[in-house]
Amino acid sequence: MEDVGRFDIVGETVTLWGTIRTAVESDTAEVRRWPTALVGHSAAAYGATATAEHLQPVPPVHNGAAWVAAGLPTFRRVAGEERVVEMGGTLGYDDVSEFVRRFGGPCVTLGVQDAALDASGRPVPVAGGRGPVTHHNPGFHADGSALVTGVRLHAHVAYDHLRGALVTREETPGAGGTPPVRRPPSRRP
């Protein structure tokens, strides 16, 4: 939040920055209308004016079943069978949603906090740990030793894809409706 004015009093101008995320792309237009109406009507209630601008569309991440199935053998081999679990949908956003949308592929989450999964698959604090804390929170922390697994996953996914072991044929949303053929690059010298 950026305010030009005094503390605890709405100043001459106020700027709020954030993202709008949806789990289903067809919901995006409707959800983007909400803050526009909210700021306009809230300001009008106090005799002021306000506008909302949407500067960057944020597509949801879609993990296609074919890409997840193709990646699971690599993920399990590198991280360990017991450490690879299916998670429910999230509203996480990263540049990866743009790449997955255009080219296909899986987006995975690397656990880096003092947490374990309970019987229902939800993250819970481990005894003596700080527990799970979301990004963009001052309490967020990451165990740097988990990055070794992350680097290994990236390297093995790339290697397996290049050798043809991690490929699939799946229609990629937004790619014009023609299913792309996933082939490793030529191995010619």
Side-chain angles (χ1 to χ4, degrees), residues 18-28 30-31 56-137 139-175 177-184:
T19 58
I20 294 177
R21 304 171 187 195
T22 59
V24 179
E25 197 151 358
S26 61
D27 291 344
T28 303
E30 175 65 21
V31 173
Q56 178 185 7
V58 178
V61 174
H62 292 288
N63 272 344
W67 277 107
V68 172
L72 280 174
T74 303
F75 306 152
R76 289 176 174 143
R77 186 180 73 245
V78 173
E81 180 81 30
E82 72 288 350
R83 295 175 67 199
V84 176
V85 296
E86 183 177 345
M87 295 179 53
T90 69
L91 295 178
Y93 168 73
D94 195 309
D95 293 341
V96 73
S97 68
E98 297 284 356
F99 296 121
V100 168
R101 182 180 192 201
R102 174 84 166 91
F103 304 107
C107 176
V108 300
T109 301
L110 179 64
V112 296
Q113 296 190 353
D114 302 330
L117 299 176
D118 68 11
S120 66
R122 294 181 318 193
V124 294
V126 296
R130 294 173 282 186
V133 179
T134 61
H135 293 96
H136 310 296
N137 179 305
F140 178 78
H141 60 281
D143 177 357
S145 67
L147 297 179
V148 172
T149 301
V151 169
R152 290 185 66 235
L153 279 168
H154 276 95
H156 283 261
V157 163
Y159 177 75
D160 286 354
H161 182 70
L162 290 172
R163 71 184 181 93
L166 198 163
V167 294
T168 186
R169 181 176 173 88
E170 175 182 276
E171 186 168 340
T172 302
T178 304
V181 177
R182 310 286 185 211
R183 291 193 182 111

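Worth saying up front: this structure is predicted, and the values here are computed from it rather than measured.
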With a 4.5 Å cut-off on side-chain heavy atoms, are V61 and N63 touching?
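In contact.
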Please enumerate all residues that pass salt bridge (charged side-chain N to carboxylate O under 4.0 Å, His left out) together with [X], with sequence neighbours excluded.
X    : value
R152 : none
E81  : R76
R83  : none

Look at atom CD of E86 and say whether more than 12 heavy atoms of other residues, nucleotides or ligands are closer to it than 6.0 Å.
no
Distance-only check: which donor-acceptor pairs under 3.5 Å involve side-chain atoms of residues 113-120, not counting sequence neighbours?
from, atom 1, to, atom 2, distance (Å)
Q113, OE1, V133, N, 2.6
Q113, NE2, V133, O, 2.8
Q113, NE2, H141, O, 3.1
D114, OD2, R130, N, 3.1
D114, OD2, R130, NE, 3.3
D118, OD1, S120, N, 2.9
D118, OD1, S120, OG, 2.8
D118, OD1, G121, N, 3.0
D118, OD1, R122, N, 2.9
D118, OD2, R122, NE, 3.4
D118, OD2, R122, NH2, 3.2

S26: partners by side chain to side chain donor-acceptor pair (under 3.5 Å), with sequence neighbours left out
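Residues passing side chain to side chain donor-acceptor pair (under 3.5 Å) with S26: none at all.
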Atom pair [atom1] ([X]) and [atom2] ([Y]), whose distance is rounded to the nearest 0.5 Å:
X    : Y    : atom1 : atom2 : answer
E25  : R101 : CD    : CZ    : 4.0 Å
F75  : L110 : CZ    : CG    : 11.5 Å
L153 : D160 : CG    : CG    : 10.5 Å

Are the side chain of S97 and the backbone of P59 linked by a donor-acceptor contact shorter than 3.5 Å?
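Yes, S97 side chain to P59 backbone: donor-acceptor pair under 3.5 Å.
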Which atom of [X] lies closest to which atom of [Y], heavy atoms considered:
X    : Y    : result
V100 : G105 : CG1-O, 3.4 Å
A70  : L166 : O-CG, 3.7 Å
W67  : F103 : CZ2-O, 4.5 Å
P132 : V124 : CD-C, 4.0 Å

List in chain and number order the residues that pass ring pair (Phe, Tyr, Trp, His ring centres under 6.0 Å) with F140, two or more places apart in sequence or in another chain; answer none if no residue qualifies.
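Listed in chain order: H135.
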